Amino acid sequence: MILPGLVSVAFYRRRPTTLQVALGLVFTIVVSGLLGYVQDYGTPRVWENTIVAIAGGVILYVAILAYLVHYYLPKRERGRTTTPGNPPSDPQP
């Protein structure tokens, strides 16, 4: 579930949809929370570690997504732009 937004940027070179990003964040929050909870189950610090794990997972997901969007997408968008006065030339038969 975390991969659809990241895969669409990295491999298909298109912006992830809002649904993909939302599902990735929800999955990240759930899995990070479960890992943080299981790590210190039964100790008084269990909720602190759960919150830290969730925050770390969300920060990591957003950082990777922002990097991929910044690294991959501007190149493609710059290459597709054409100036209004200069249409692309077609070969004449």
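For this chain, numbers begin at 1 and follow the sequence in order. Predicted model, so just to flag it, every value in this text is computed and none were measured.
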S.K.: For Val62, enumerate each residue passing the side chain to side chain contact (heavy atoms under 4.5 Å, CB included) test, keeping only those at least two apart in sequence or located in another chain.
M.R.: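 Val62 satisfies side chain to side chain contact (heavy atoms under 4.5 Å, CB included) with Leu25, Val58 once adjacent residues are dropped.
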S.K.: If I compare all heavy atoms of Ile29 with all of Ile54, which pair ends up nearest, and what's the gap?
M.R.: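 Looking at all heavy atoms of both residues, the shortest contact is O-CG1, 3.7 Å.
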S.K.: Do side-chain atoms of Gln39 reach the backbone of Gly36 as a donor and acceptor pair under 3.5 angstrom?
M.R.: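 Side chain of Gln39 to backbone of Gly36: no pair is present.
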S.K.: Restricting to ring-ring contact (aromatic ring centres under 6.0 Å, His included), what partner residues turn up for Tyr37, sequence neighbours left out?
M.R.: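 Once residues adjacent in sequence are excluded, the partners of Tyr37 under the ring-ring contact (aromatic ring centres under 6.0 Å, His included) criterion are Tyr41, Trp47.
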S.K.: Which atom names give the shortest non-hydrogen contact between Thr50 and Gly33, and what distance separates them?
M.R.: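 Closest heavy-atom pair between Thr50 and Gly33: CG2-O, 3.6 Å.
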S.K.: Could you see if Ile59 belongs to whatever hydrophobic cluster contains Tyr61? Use Ile, Leu, Val, Met, Phe, Trp, Tyr and a side-chain cutoff under 4.5 Å.
M.R.: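 No: no chain of side-chain contacts under 4.5 Å links Ile59 to Tyr61.
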S.K.: Partners of Thr43 by side chain to side chain contact (heavy atoms under 4.5 Å, CB included), sequence neighbours excluded?
M.R.: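 Scan of Thr43 (side chain to side chain contact (heavy atoms under 4.5 Å, CB included), adjacent residues dropped) gives Asp40, Arg45, Val46.
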S.K.: Considering residues at least two apart in sequence or located in another chain, which fulfil the side chain to side chain contact (heavy atoms under 4.5 Å, CB included) criterion with Ile64?
M.R.: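 Expected list: Leu6, Leu60, Leu68.
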